[in-house]
Novice: 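My questions will all concern the structure given below.
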Amino acid sequence: MTRRFSETQGLDHIFGGNEDEDMEQQSDTDEQVSEEEDNVEHHPEDTDMSDEEGTAGEAAPAERFKSKNGKICWSSVPHVVQDRAAAANVIKMTPGITRFAVTRVSDIRTCFELFMPSSLKRVIIAMTNLEGKKVYGDKWKDIDEVYLDAYLGVLLISGVYRSCNEATDSLWDASTGRNIFRATMSLQTFQMISRVLRFDNRDTRERSDKLAPIRDVWERWVQLLPLMFNPGPEVTVHERLVPFSGKCPFRQCIPSEPGKDGIKIWAACDAKTSYAWNLQIYTGKAASGIPEKNQGKRVVLDMTTGLEGHNITCDHFFTSYDLGQELLRRKLTMVGTVKKNKPELPAEILQEKDRAPLSSKFAFTDTTTVVSYCPKKTRNVILMSTLHKDAAVSPGSDKKPTMILDYYKNKGGVDNLDKLTATYTCQQTSRRWPMVVFYNILDVSACNAFVLWTHIHQGWNATKKSKRRMFLEELGNSLVKPHIERRGRVPHDPDAASLVRQLQSSPCAPSTPSATQRASAPASSSASRASTPTRTDPTRLRPPDSKRKRCQVCPSSKDRKTNFLCFNCKKYLCKEHTKSVTFCHTCI
């Protein structure tokens, strides 16, 4: 072993000091230091505590708390360790829209089609046409992608008008409905597609899989979400409940939710924009019937797979000491409320008696911080964090800890997504739970597309308050427009017919629909096809320089205004006095 000297010993050694005496003294010193090190008991929790306790003030010495299970030792004084927030929260991905998405967005429709690509639509079209032939036989004509887009556009437009609780018949009614619905497709066609819309082959379905009717479409769609947007430093993990009261093998009842009954979906969202980054449907207990242990921990780890350097905000269902440690291994931090019956909490921090209102009590380990805050007498709130490392309290009158303020700031990411999708939901009344899941896919896709669009075009309608409504309306119109332009049959309603001709007369509209396009529409009854006017119907043409006038056949007591003209005598005729699609009853 290399011999080391002090400054005095070195000089004595150089100038002829007593070398044997120096060696003897050095040996005694080494033995004494060795004995002292052996007598010291090392505790991980005591690392660098002396300096912190001295700076914290002699009037408040550190207290030690044991957890209820006796496995964790807590301290009332924070540990002096490296900044675990800085060590963990180093985000490798750039927050915001990805380069993959930016290069593929040219307008609002292409922004939405990032989440509903042609590959996903082809699966739906194939399964729907298969089911349509089983139900309607030869009457069913296969739909194509343009027809499916029109159907999706009708659903989105109905959500814009907040018609989720409105009867479908009223949407097509001439007095209570909208022209865009009648101009796109008939009510009978819409109901036919809704009846046979499918997402898998029922004959080859795996019976043991509860999610089999829509699993393929769901998993394909979920895989697209993280490709388009990178969440910011704050991510919220929470549950969602899609309202549904029909028959479903995994329907849940959550009394605290507005709908109470529905399909539970675990969600991970960006806390700032509420972008849905990852989703997972809860299908209930396993086939064995044994409840899942540590379900909250498993859900958070599944939802955050692929993230690094983010802070995860969750509620008491998910938060636990073990979850915080596992997230730290993945370079993630956690903030959340805690149930008071957790075994890792010390009993001292749960006490409510003799606590002053607006007071806070902290407990620390080298990786975790717990706070007990009393908003009022005999009541406290417990939060756990691996992000915060001190006992910081806000200077406001409520004296809330910084941990609680950060939790309130970031906890609403998923709740805000629920609020946005519920405001303009396209969900229609249905007894089939796969349709309810599909409606939610459309709602979330439209919401995510709006986040992408506003990131790309930050000044888009900046002064408007209803930007999202305008976005959805423009999206729905862009989806139905190609189908309207190729329609071969014009609706009876004059306003809807005028809208169809307006779009078909645009420069980009096709001159005449092809036979393939005419055959792509689902077939109605023969009677309705016979009574439907053709595109070249002269009675449907409105004179460009005239307005609507009274029917010239009706008695004067009736005030029926119309823009229908007899092809021969040019009289204004109402629907009652139009005996054919071309002439009035006199000329016929």
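FYI, side chains are in, hydrogens and waters are out, and symmetry mates aren't considered; it's all heavy atoms of this structure.
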Novice: What is the ring orientation for Trp460 with Phe471, classed by angle as parallel under 30°, tilted 30 to 60°, or perpendicular over 60°?
Specialist: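 Plane angle over 60°, so perpendicular.
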
Novice: The criterion is salt bridge (charged side-chain N to carboxylate O under 4.0 Å, His left out); which residues satisfy it with Glu219, sequence neighbours excluded?
Specialist: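 Here the qualifying residues are Arg215.
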
Novice: Going by the rule salt bridge (charged side-chain N to carboxylate O under 4.0 Å, His left out), which residues pair with Asp107 if we only count those two or more places apart in sequence or in a different chain?
Specialist: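 So Asp107 forms no salt bridge (charged side-chain N to carboxylate O under 4.0 Å, His left out) with any residue.
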
Novice: May I ask you to test the Met334-Ser385 pair for a side-chain heavy-atom distance under 4.5 Å?
Specialist: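 They are not in contact (no side-chain heavy atoms under 4.5 Å apart), so the answer is no.
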
Novice: If we ignore angles and hydrogens, is there a donor and acceptor under 3.5 Å between the side chains of Asp443 and Thr425?
Specialist: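 Yes.
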
Novice: Can you find a heavy atom in the side chain of Ile265 that is under 4.5 Å from one in the side chain of Leu279?
Specialist: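 With C-beta onward as the side chain, the pair touches.
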
Novice: Quick one, Phe450 and Lys467 - any side-chain contact, counting heavy atoms below 4.5 Å?
Specialist: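 Answer yes - side chains close enough.
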
Novice: Within the side chain of His483, is there an N or O that forms a donor-acceptor pair under 3.5 Å with the backbone of Thr184?
Specialist: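 Flag set: sc His483 to bb Thr184 pair under 3.5 Å.
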
Novice: Using the test side chain to side chain donor-acceptor pair (under 3.5 Å), find all partners of Asp216 that sit at least two apart in sequence or belong to another chain.
Specialist: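 In terms of side chain to side chain donor-acceptor pair (under 3.5 Å), with neighbours along the sequence ignored, Asp216 is linked to Arg220.
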
Novice: Arg431 versus Lys247: any side-chain heavy-atom pair under 4.5 Å?
Specialist: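 No; the side chains remain at least 4.5 Å from each other.
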
Novice: Surrounding NZ of Lys272 (heavy atoms of other residues, nucleotides or ligands, distance under 6.0 Å), is the total greater than 12?
Specialist: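 Incorrect, the count does not exceed 12.
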
Novice: Taking only residues two or more places apart in sequence, or in another chain, which ones meet Asn410 in a side chain to side chain donor-acceptor pair (under 3.5 Å)?
Specialist: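 Scan of Asn410 (side chain to side chain donor-acceptor pair (under 3.5 Å), adjacent residues dropped) gives Glu234.
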
Novice: Would you call Cys447 and Arg468 a side-chain contact if the rule is heavy atoms closer than 4.5 Å?
Specialist: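 Touching, per the 4.5 Å side-chain cut-off.
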
Novice: Say whether, by atom type as modelled, one donor and one acceptor occur between the side chain of Ser163 and the main chain of Gly159 under 3.5 angstrom.
Specialist: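 Such a contact is absent between Ser163 side chain and Gly159 backbone.
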
Novice: Are the side chains of Leu452 and His455 in contact, using a 4.5 Å heavy-atom criterion?
Specialist: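 Not touching, per the 4.5 Å side-chain cut-off.
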
Novice: Is the ring pair Phe181/Trp172 parallel, tilted or perpendicular, if the boundaries are 30 and 60 degrees?
Specialist: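 Tilted, since the angle between the ring planes falls between 30° and 60°.
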
Novice: Between Arg198 (side chain only) and Leu130 (backbone N and O only), is there a donor and an acceptor less than 3.5 Å apart?
Specialist: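 No, because the side chain of Arg198 does not come within donor-acceptor range (under 3.5 Å) of the backbone of Leu130.
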
Novice: Side chains of Asn448 and Ser445: is there a donor and an acceptor less than 3.5 Å apart?
Specialist: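 On atom types as modelled, these side chains do not qualify, holding no pair under 3.5 Å.
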
Novice: Partners of Arg432 by side chain to side chain donor-acceptor pair (under 3.5 Å), sequence neighbours excluded?
Specialist: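 Result, side chain to side chain donor-acceptor pair (under 3.5 Å) vs Arg432: none returned.
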
Novice: Taking all non-hydrogen atoms of both residues into account, name the closest pair between Leu323 and Thr319 and its distance.
Specialist: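 Minimum heavy-atom contact is CD2-CA, 4.4 Å.
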
Novice: Cation-pi between Arg178 and Tyr161: NZ/CZ under 6.0 Å from ring centre and within 45° of the ring axis?
Specialist: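 Yes, cation above the ring, under 6.0 Å and within 45°.
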
Novice: If you measure from the Lys or Arg side-chain nitrogens to the Asp or Glu carboxylate oxygens, is any gap between Arg182 and Asp495 under 4.0 Å?
Specialist: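 Salt bridge: no.
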
Novice: What's the shortest heavy-atom distance between Leu241 and Gly262, and which atoms?
Specialist: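 Closest heavy-atom pair between Leu241 and Gly262: CD1-C, 3.6 Å.
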
Novice: Is there side-chain contact between Arg202 and Glu131, with heavy atoms separated by less than 4.5 Å?
Specialist: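 Yes, side chains in contact.
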
Novice: Are any non-hydrogen side-chain atoms of Leu307 and Arg330 less than 4.5 angstrom apart?
Specialist: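 Side-chain contact under 4.5 Å: no.
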
Novice: Under the rule for salt bridge (charged side-chain N to carboxylate O under 4.0 Å, His left out), what residues qualify as partners of Asp418, not counting sequence neighbours?
Specialist: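 Asp418 satisfies salt bridge (charged side-chain N to carboxylate O under 4.0 Å, His left out) with Arg240 once adjacent residues are dropped.
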
Novice: Mind listing the closest non-hydrogen atom pair of Ile214 and Pro434 along with its distance?
Specialist: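 For Ile214 versus Pro434, the nearest heavy atoms are CD1-O, 3.4 Å.
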
Novice: Checking the side chain of Thr283 only, and the main-chain atoms of Lys210 only, is there a donor and an acceptor separated by less than 3.5 Å?
Specialist: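 Not a single qualifying donor-acceptor pair exists.
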
Novice: Would you call Asp142 and Lys133 a salt bridge, taking side-chain N to carboxylate O under 4.0 Å as the test?
Specialist: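 Looking at Asp142 and Lys133, the cut-off is met.
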
Novice: Measure across Ala276 and Leu417 and return the closest heavy-atom pair with its distance rounded to 0.1 Å.
Specialist: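 Nearest heavy atoms, Ala276 then Leu417: CB-CD2, 3.9 Å.
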
Novice: Counting neighbours of NZ on Lys134 that are heavy atoms of other residues, nucleotides or ligands and sit closer than 6.0 Å, is the number greater than 12?
Specialist: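 Count over threshold, so yes.
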
Novice: Regarding Ser274 and Asn416, is there a side-chain donor-to-acceptor distance under 3.5 Å anywhere?
Specialist: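 Note: Ser274 and Asn416 side chains meet the donor-acceptor criterion.
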
Novice: Working note: Val235 + Asn311, criterion side chain to side chain contact (heavy atoms under 4.5 Å, CB included); need CA distance, chi angles, decisive distance, verdict.
Specialist: CA-CA 6 Å; Val235 175; Asn311 179 58; over 6 Å; no

Novice: Is the closest basic N to carboxylate O distance between Asp415 and Lys419 below 4.0 Å?
Specialist: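 No salt bridge links Asp415 with Lys419.
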
Novice: Would you sort out whether Asp144 and Arg486 count as a salt bridge (charged side-chain N to carboxylate O under 4.0 Å, His left out), showing the intermediate values?
Specialist: CA-CA 13 Å; Asp144 57 3; Arg486 73 174 192 179; 2.9 Å; yes

Novice: What verdict does the ring pair (Phe, Tyr, Trp, His ring centres under 6.0 Å) test give for Trp266 and Phe318, after you've listed the backbone C-alpha separation in whole Å, the side-chain angles of each residue and the deciding distance to 0.1 Å?
Specialist: CA-CA 11 Å; Trp266 310 116; Phe318 307 95; 5.8 Å; yes

Novice: Counting N and O atoms only, with roles assigned by atom type, does the side chain of Asn294 sit under 3.5 Å from a partner on the main chain of Lys297, one being a donor and the other an acceptor?
Specialist: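 No.
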
Novice: Ring-plane angle category for Tyr136 and Trp140, please: parallel below 30°, perpendicular beyond 60°, tilted otherwise.
Specialist: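 Parallel, since the angle between the ring planes stays under 30°.
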
